[in-house]
Amino acid sequence: MSFKIATVKGIPIHISVTFLLVFLLFAFIFAITGWPFGFRYVEPPIARYTLACLTTALFFVTLLIHELAHSLLASSYGAKIQSITLFFFGGISAIENPEDEKNLDPSKELNISLAGPLSNIIIGIVLLGINYFVYGSILGVADVTNWVAEGITVFTYNIPTMIFLLGTLNLLLGFFNILPIYPMDGGRVLRAWLAKRHSYEEATNTAVSIGKGFSIILAIISILAFQWWLAILALFLYISASEEGKMFKATTILEDIIVKDIMSTDVLTVDESLSLTDFITFVFQKKHPGYPVTKNGIVIGVVTVDDARFVNEAERYAFTVKDVMKEVVSVKPEDTALEAFNQMGQHAVGRVVVLDEEGKMVGLISRSDLMTAIYLKDSFKEKSKTDMNSF
Ligand SMILES: [Zn+2]
C-alpha cells in the first residue's frame with residue numbers, strides 16, 4: 001500500500017506505509033543516540049525530537065535524490081519511468097515497460113545504475129566538506145564534545161551534527177549500494193558489465209550468483225564482528241538476490257510462451273443478474289475462485305469469491321455479481337504469457353480474460369496457469385540438459 005506525495009518531471013513519487021514506520025524508527029534512533037550520531041543530549045526534548053525528525057526527513061530527501069538520479073538519466077535515454085516508490089530502506093524506480101529495461105544498451109544501464117550511488121557519494125562529500133570548511137572539522141564544531149559533556153546544547157549548535165550525520169549516512173548509502181549484490185545498484189552495474197560480453201540472461205544469472213556469494217561473505221564478516229544488524233541485512237540481501245533470480249527465470253520462461261497455448265478455453269461465466277447467494281453456491285459446485293461476468297454474452301467484468309465475501313452473508317441475496325465485480329483486465333491470444341503476468345501485477349488481479357480482435361472472449365488465463373507453465377517448461381528444460389550431459 002502506498003500513496004502519492006509529489007510529481008517530479010512527470011514522474012509520480014509514492015511512499016509506502018512501511019516507509020512511514022521506518023521514518024519513525026529512524027527518528028527514534030537519532031533521538032536516543034549520543035553525539036555525533038544522534039541528539040540524545042539535546043535539551044529540551046522538543047528540540048531533540050525536532051532535530052531527529054528533521055534529520056530523518058532530510059535523509060529521505062537524499063534517498064529520493066538517489067532514485068531521481070536513476071530515473072531522470074533513464075528517461076533521458078528514452079526509458080519511460082512509471083513511478084518512484086520509497087519503501088523500507090531505499091526505493092524503487094519502476095520502468096514502465098520491462099522490455100525497455102532489457103533493450104537498454106549495457107553501457108547506458110551501467111550509467112543509470114551508477115547515477116544513484118554516485119549522487120549519495122557527492123552529497124556526502126559536499127556535506128562533510130561544508131562542515132570542514134565552515135567549522136574546521138568534518139564533525140562540525142571541534143569543541144562540541146564540551147557542550148555535550150555539559151549536557152546542554154541549543155538547537156542551532158546541532159546544525160553541524162545534522163550535516164555530519166547526513167553526510168556520513170549518504171557516504172555509507174553510496175558505498176553500500178555499489179556492493180555487487182544484485183538487485184542492488186552495484187549488482188546491476190556488474191550485470192551491465194557482464195552483458196557486454198555475454199547474453200543478458202547469462203549476465204543476470206552470473207550477477208545473481210555473485211550477489212548471493214557476496215551476501216554470504218557479508219553475513220559471515222558481520223557475525224564475526226558481532227554486527228547483528230548488518231548480518232540481518234546480509235540475509236535480507238541474500239533473499240532478495242535469490243528472489244530476483246527466480247523472478248528473472250520466470251519472466252524469461254513466460255516471454256517464450258504465447259497466451260493461446262496455455263489459456264483455458266472451456267471458461268465458465270456467470271450472468272450479471274446472478275445473486276451473490278447463488279454465486280456462492282455456484283462456486284462450491286464448480287470449485288474455481290473467479291469467473292467472467294457476462295451481459296447478453298459479452299464480458300463486462302470479473303467476479304471472485306473474495307469480491308462476494310465483502311458483502312455480509314445475510315445481505316448477499318440482495319446483491320448481484322454485477323454490484324461487486326471488478327473491471328475486465330484482458331490480453332490478446334497472441335500476446336506473450338509475460339504480458340498476462342504483467343497485467344495481473346499492474347491491476348492486482350489473479351486472472352485475465354483473453355479477448356480476440358472483436359472483443360469476444362476466447363479464453364481465460366489465471367496465475368496458477370502461469371505457475372504451472374513455468375514449472376513444466378522449467379522441468380523439461382532441466383530434463384533436456386541432463387539428457388545432453390549423459391551423452
Ligand atoms: Zn539505486
Side-chain angles (χ1 to χ4, degrees), residues 2 5-6 8-9 11-16 18-19 22-23 26 56 58-98 100-102 104-127 166-195 203-204 207-208 210-212 214-215 218 230 233-234 236-245 247-248:
S2 62
I5 48 160
V8 178
K9 291 215 169 182
I11 305 169
I13 318 264
H14 300 266
I15 51 174
S16 84
T18 57
F19 182 82
V22 176
F23 186 98
F26 266 66
T56 312
L58 289 173
F59 177 59
F60 287 132
V61 168
T62 60
L63 275 184
L64 184 60
I65 293 174
H66 172 117
E67 292 308 318
L68 280 173
H70 288 309
S71 303
L72 295 178
L73 194 59
S75 56
S76 80
Y77 288 150
K80 201 165 178 299
I81 305 297
Q82 195 180 26
S83 64
I84 291 178
T85 307
L86 291 179
F87 74 113
F88 197 52
F89 200 115
I92 27 168
S93 307
I95 291 184
E96 193 150 328
N97 184 355
D100 280 357
E101 191 181 358
K102 204 160 174 176
L104 270 179
D105 174 30
S107 61
K108 287 182 178 167
E109 195 193 1
L110 200 136
N111 293 345
I112 294 171
S113 304
L114 279 176
L118 202 64
S119 66
N120 295 118
I121 292 173
I122 293 171
I123 293 171
I125 291 173
V126 168
L127 291 180
L166 288 171
T168 313
L169 285 174
N170 268 279
L171 280 184
L172 281 175
L173 191 70
F175 285 116
F176 193 73
N177 261 294
I178 50 174
L179 286 178
I181 301 177
Y182 192 78
M184 290 208 312
D185 295 328
R188 288 179 187 276
V189 170
L190 177 70
R191 180 181 66 183
W193 183 76
L194 291 166
T204 307
V208 167
I210 294 177
K212 284 184 186 171
F214 252 89
S215 32
L218 188 65
L230 202 57
L233 190 65
F236 177 74
L237 289 174
Y238 182 87
I239 294 169
S240 54
S242 76
E243 284 302 307
E244 195 77 13
M247 187 68 177
F248 180 76

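Each ligand, and each atom within it, is numbered from 1 in the order the structure gives.
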Taking the N/O/S atoms of Asp185 one by one, which is nearest to the Zn ion (ligand 1)?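 This residue's closest N, O or S atom turns out to be OD2.
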
Contact check, side chains of [X] and [Y], non-hydrogen atoms, under 4.5 Å:
X      : Y      : result
Phe248 : Val208 : no
Leu72  : Ile11  : yes
Ser113 : Met184 : no

Is the distance between the Zn ion (ligand 1) and the nearest N/O/S atom of Glu67 smaller than 2.8 Å?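 Short answer: no, not a single N, O or S atom is under the cut-off.
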
Parallel, tilted or perpendicular: ring planes of Phe59 versus Phe26, cut at 30 and 60 degrees: parallel

Vertex the Zn ion (ligand 1), arms to His66 NE2 and His70 NE2, rounded to 10°: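 Answer comes to 100°, rounded to 10°.
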
